[in-house]
Structures are given as C-alpha cells and as structure tokens.
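Please read the structure below before turning to the comments.
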There are 2 protein chains.
Amino acid sequence: MATDVQVALDRSSPVPLYHQVATAFEAAIRDGSLPPGTRLDNEIELAKRFSLSRPTMRQALDQLVQAGLVVRRRGIGTQVIEPPVRRPLQLSSLYDDLIEQGSKPTTQLLEFEAVAADTDRAELLGIKEGSPLQHLRRVRSIDGTPLAIMENWVPADVVQLTPEQLKHSGLYDLMRANGVDFRLAHQRMGATVADAEQSALLEVDEGSPLVLMERVARDSNGQAVDGGHHLYRADMYSFEMTLVK
Amino acid sequence: MATDVQVALDRSSPVPLYHQVATAFEAAIRDGSLPPGTRLDNEIELAKRFSLSRPTMRQALDQLVQAGLVVRRRGIGTQVIEPPVRRPLQLSSLYDDLIEQGSKPTTQLLEFEAVAADTDRAELLGIKEGSPLQHLRRVRSIDGTPLAIMENWVPADVVQLTPEQLKHSGLYDLMRANGVDFRLAHQRMGATVADAEQSALLEVDEGSPLVLMERVARDSNGQAVDGGHHLYRADMYSFEMTLVK
DNA sequence: AAGTGGTCTAGACCACGCG
DNA sequence: GCGTGGTCTAGACCACTTC
C-alpha cells in the first residue's frame, strides 16, 4: 500500500512533532492522496520512516482518530475513513462555504451598553448579581445577506470593548487580541421561530425556523468570559460535528 | 489542597489503569468531593500516589481535560472547573439519553419496510444505488408526550430488524446486541418548522420549531450502518456539548 | 504463528508562569 | 530559580485478528 505522505519535520519548530505529522496526514487524506479505505502502515513502520519514537507516532495517529479521519483496530491496522458527505440540497453550511470562497462577513452593531448582571445572567456566567457587564447585540451578514443575530454579555473586568473595534473585528478575535485565553465552551443548540423583530433583521418571513445557540466560554482560569445567545437563519446555517467513540 | 481521591486500582482488570483513575476523579468532581477551583497535586505526585508511571497518570488527566472537567496550565497546575452538568460528546441515541435521565420512553412504529437505496440514500451511506435497505419511521414519546419523529435507513446486510424488537429496544441498542460495533458518527443539526403531518404526530401547532438532526453512523470497518433523519420538538430537546481548547 | 494496535514503564529535556 | 505541564525517547508485555 502506497502511503507516501511527505513531511518536512522541523525539530526546532515550536509546533510539536506529533502535530506536524498529524497535519501532514490530515492534508493527504483531505486532498485525496490517501483515499478512503487506504490502509496505513503499522505504527512502528511509520515511526521508523519519520524517525520518531512509537509513542510520538501514536500521538499523531490518535489525533487523526479524534478528528474522525481514520479508524484503528488491533490485529487489523489503521484505515482511512469515508469522509462525511455534504448534500447540496436542503440545509447546507453556506456560511463555511462562503468563507472558503473568500466572502467577507460584515457586522452591524445594534446595541452596545454597560449593564448590571441580572439573576439569569449572573447564574449563567457564574458571577455575582449586579456585576458590571457589557451587552452587545449584532447582526452578521455575508454578501449583504443577514445570517445571524448575535447577543453577547462580556464581564467588564475581562476586557473593555469599544464600538469602533467591534465594527472591524469579531468579538472573539478582539478578546484574544486583548489577552483573553479561551480554553473551553459549553454550548447548547436548539430551534425556534422568528418573531416580528427577528424576521425583519434577518430578512425572512415571520415564523421561519431559526437555529438557536447558547454558549458560555471560559478562559484558562475557568472564569466565564462570554455568554452568547445567537440566532441563525436555518436556511443558511447548520452545525456539523463528528462524534468518536 | 486536599485531593483525597480514593481509588481501588485493579491491575488484573481489562479496564485500563488510566481509565480507572480518570473515572475515580470524574466521580469525585461530579459528586462535589473536588469542588470547582480545587487545585490537584502535580502529575508526578499523583503518579507516585497511585503507583503509576507519569505517562499513565497523564493519560488519565488528559481524559479529564477532554471531558471538560479540569484545565491544565504549565507553570500553574491542574484545576477543577465549573460543575459539569453537561455530558461530553459521545455516540448515543435518544433512547440512551432518556434512559440515563431515568425516564421511560415508548416507541410507536409508523413504518417498517424493505426498500432499495435511491440516489440520495446511496450517496449518504456510501453504498450502491439499489442496495437493500430497511426503512423505519418511529415516534418516540416520553411519559405519553411525543418527543421525536425518527426516520432511519439501515442496510439489510448489517442487521435484520423485526418490528417486534423495535417496540422494546432502541435502534442502537438493538444493533449493538446484534454485533454492530459503532465507532463514529457524522451529524448535522439545524432547525425547521412542523408541517401538518409532523405537528399532528408530535402534538404541537403547525409551524412550531423543530430541531433537525441528520446522522450517519459507522462501524469499526468504516461501513455506514445507519442513516438517520430525526425531528425533535424544540421545547423538549436541545443538544449540549463541551468544546475544549 | 504472525502481525497489529493498546497499554505501561522509567527515564529525559524543554517551555512557561511565577516570585 | 523553581515548579509546573508539554513533549519525546526506547524499550516491554499484552489482547486481538487473521492465516
């Protein structure tokens, strides 16, 4: 089996070796060099080829498993999996597609104000009631078509935002640039229908389906740094994920 | 900081040591023995305490990170984060979810028939057009309240289902019992609104929001073993997940 | 019996955060 | 400077699948 993946390993790079290797394999799988069903060499052979130890090679392969790109079975080997099929009809990840095509999302800032945390917000973010928050409400559009209404609450002590900044950058980019180190997020996805105001903002009929996402993001201290409530047009957005056992 | 987690390690058990340790910590975190903010001992200390090597102890801690239970930072240490009401991403079915919550779901089998794969279905499952499939359509209720309309396509060569079995078990349980080894699933979530038939089945108003989930599950061979198209009442279902790093 | 991945060990050096 | 997690090595034994 030809598993001729080319890797230019840079041992002086800050990027871990296992990640360099995994990235190379991921690229080879995605561009078709390693078509679905391909059986990779065993990990000892691969480790030898890249002059790595077996544990390091394993760490790279584990990353591919986690990404849902290969399956591994003892006694059998490692095989490239069938990629998920994107159906052109119905719901599609138009947002991702447009981003890949080079379209630029634009953001309209509807509201930006300092507020005190009410009971719900305080509980959600794990902070004291009455704590100072920044509340923002935005509409994100792509090529002039509204895609989402995004409402966020950011604790004032995390970062001080300005309306000017928010017009030119995404919230998360902005927060990262200000030293916020996102580590994990809990999110919940559901569905709802557009009311009068929402339908006007998103340019859809009242009663149209919307994807609802609520998210709490935390930094490396475990401190909540953002609470988000987002509504997406269902005809322009769906959330794809790969679950690995 | 008192990190007095008790573990009865069984080295003769088929359960890996790192998993035994991780499970013990997970239990301690979930039951409050290790409240949020608790700082664990460093991994070398922990390894010594459980008589494990450092890599094995690390593997256990990595599992906790992956589950979104702790954060680790070099130079700082390992800290327990907010109480994990959320469950991690995992392969599951609605039936499994409900069982875990202690509820008693019931299933009504609307349709069960042998069909040949049409173009869409063949592409979705990665099989030949015209291949024999089992098509089923069910309504899942909980305590008498309809929760979901579930439509599935299962290749005939994967498992032979019977209507009788489907009334008493979840589809995934049934398939597992027949030797199907689920390994991964690709799924997509979106939103839609109930049409006349759907609203009648789910006992909601026409135009009510529904959570749409499409899923392709694969076994350890990478073969597609189920294609599902599920509609959930938005007022009774949402999907929670934890994203790490 | 041969080959595979899964687990485990006992070290080593490095990058980072802090005092 | 010190302690922390992050990375990497070079082995070992085992469980499982296939022939």
Side-chain angles (χ1 to χ4, degrees), chain A residues 1 3 7 9-23 25 38-66 69-81 179 181 183 219-222 244-245, chain B residues 1 3 7 9-23 25 38-66 69-81 179 181 183 219-222 244-245:
Chain A
M1 189 66 63
T3 57
V7 190
L9 285 181
D10 179 2
R11 297 187 95 92
S12 68
S13 164
V15 178
L17 292 174
Y18 68 83
H19 193 257
Q20 293 182 38
V21 174
T23 303
F25 271 88
T38 304
R39 193 165 153 280
L40 304 186
D41 289 336
N42 69 68
E43 56 190 38
I44 296 180
E45 197 61 39
L46 290 172
K48 198 182 301 175
R49 185 183 313 162
F50 300 121
S51 302
L52 296 170
S53 69
R54 189 188 164 198
T56 301
M57 192 64 224
R58 273 187 67 79
Q59 205 169 350
L61 291 170
D62 282 347
Q63 186 173 318
L64 297 177
V65 170
Q66 205 58 33
L69 293 169
V70 303
V71 287
R72 317 194 71 196
R73 280 179 295 165
R74 70 175 98 184
I76 305 288
T78 305
Q79 277 185 312
V80 178
I81 204 82
D181 176 28
R183 196 54 78 89
D219 67 7
S220 49
N221 293 308
V244 179
K245 188 180 180 183
Chain B
M1 191 65 67
T3 58
V7 191
L9 286 181
D10 179 2
R11 298 187 94 91
S12 67
S13 164
V15 178
L17 292 174
Y18 68 83
H19 193 258
Q20 294 182 38
V21 175
T23 302
F25 272 90
T38 304
R39 192 164 155 280
L40 303 186
D41 289 335
N42 69 67
E43 57 190 39
I44 296 180
E45 198 60 39
L46 290 173
K48 199 181 299 175
R49 186 182 313 163
F50 298 122
S51 302
L52 295 171
S53 69
R54 188 186 165 199
T56 301
M57 193 63 224
R58 272 186 68 78
Q59 205 169 351
L61 291 170
D62 282 346
Q63 186 172 318
L64 297 178
V65 171
Q66 206 58 33
L69 294 167
V70 302
V71 287
R72 317 194 71 197
R73 280 179 294 165
R74 71 175 96 184
I76 304 291
T78 305
Q79 277 185 312
V80 178
I81 65 160
D181 177 27
R183 195 56 74 90
D219 67 7
S220 49
N221 293 307
V244 180
K245 261 190 293 186

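Per chain, numbering begins at 1; letters A, B, ... match sequence-line order. Computed from a prediction, not measured in an experiment: that's the story for all the values here.
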Checklist entry - How long is the line joining CZ of A/R39 and P of C/dT4, in whole Å? => result 6 Å

Checklist entry - To the nearest angstrom, how far is A/Q63 atom CD from D/dG6 atom P? => result 15 Å

Checklist entry - Sub-3.5 Å donor-acceptor pair from the side chain of A/Q20 to the main-chain atoms of A/D10, do we have one? => result yes

Checklist outcome for this item: In short, B/V70 meets B/L61 closest at the heavy-atom pair CG2-O, 4.4 Å

Next on the checklist: For a quick test of reading the model: is some side-chain N or O of A/Y18 closer than 4.0 Å to OP1 or OP2 of D/dC8?
Outcome noted: no

Item to check | Nearest heavy atoms of B/R39 and B/G77, plus distance in Å | outcome: NE-CA, 4.3 Å

Mind listing the N/O atom pairs, protein and nucleotides 10-14 of chain D, below 3.5 Å?
residue : atom : partner : partner atom : Å
D/dA12  : N6   : A/R54   : NH1          : 2.9

Item to check | Spacing between A/Q79 atom CD and D/dT18 atom C1', to the nearest angstrom | outcome: 14 Å

Checklist entry - What's the CD-P distance between B/Q59 and D/dG6, to the nearest Å? => result 14 Å

Item to check | Value in whole Å for how far the P atom of D/dG6 lies from CG of B/D62 | outcome: 7 Å

Checklist outcome for this item: Taken to the nearest whole Å, CZ/B/F50 to P/C/dT7 is 19 Å

Checklist entry - Is any side-chain N or O of A/T78 closer than 4.0 Å to OP1 or OP2 of C/dT4? => result no

Checklist entry - Quick one: does B/R54's side chain have a donor or acceptor within less than 3.5 Å of a partner on B/E45's backbone? => result no

Checklist entry - Residues two or more places apart in sequence or in another chain: which of them pass side chain to side chain contact (heavy atoms under 4.5 Å, CB included) with A/Q59? => result A/Y18

Item to check | Sidechain N-carboxylate O distance under 4.0 Å for B/R73, A/D181 | outcome: no

Item to check | Derivation and outcome, side chain to side chain contact (heavy atoms under 4.5 Å, CB included), residues B/L52 and B/V21 | outcome: CA-CA 10 Å; B/L52 295 171; B/V21 175; 3.6 Å; yes

Checklist entry - Are any of B/R58's side-chain N or O atoms less than 4.0 Å away from OP1 or OP2 of D/dG6? => result yes

Next on the checklist: Rounding to an integer number of Å, can you tell me how far B/K48 NZ sits from D/dT4 P?
Outcome noted: 11 Å

Next on the checklist: Within the 4.0 Å heavy-atom criterion, would you say B/L17 contacts the bases, only the backbone, or no part of the nucleic acid?
Outcome noted: sugar-phosphate

Item to check | Shortest side-chain distance from B/I76, nucleotide among C/dG17, C/dG5, D/dT9 | outcome: C/dG17

Item to check | Side-chain N or O of B/N42 closer than 4.0 Å to phosphate OP1/OP2 of D/dG3 | outcome: no

Checklist entry - Counting just side-chain N and O atoms, does B/T56 come under 4.0 Å of either OP1 or OP2 of C/dT7? => result no

Checklist entry - In whole angstroms, how far is the P atom of D/dT4 from the CZ atom of B/R72? => result 11 Å

Checklist entry - Starting at the 5' end of DNA chain D, which residue's closest nucleotide do you reach first, A/H19 or B/E43? => result B/E43

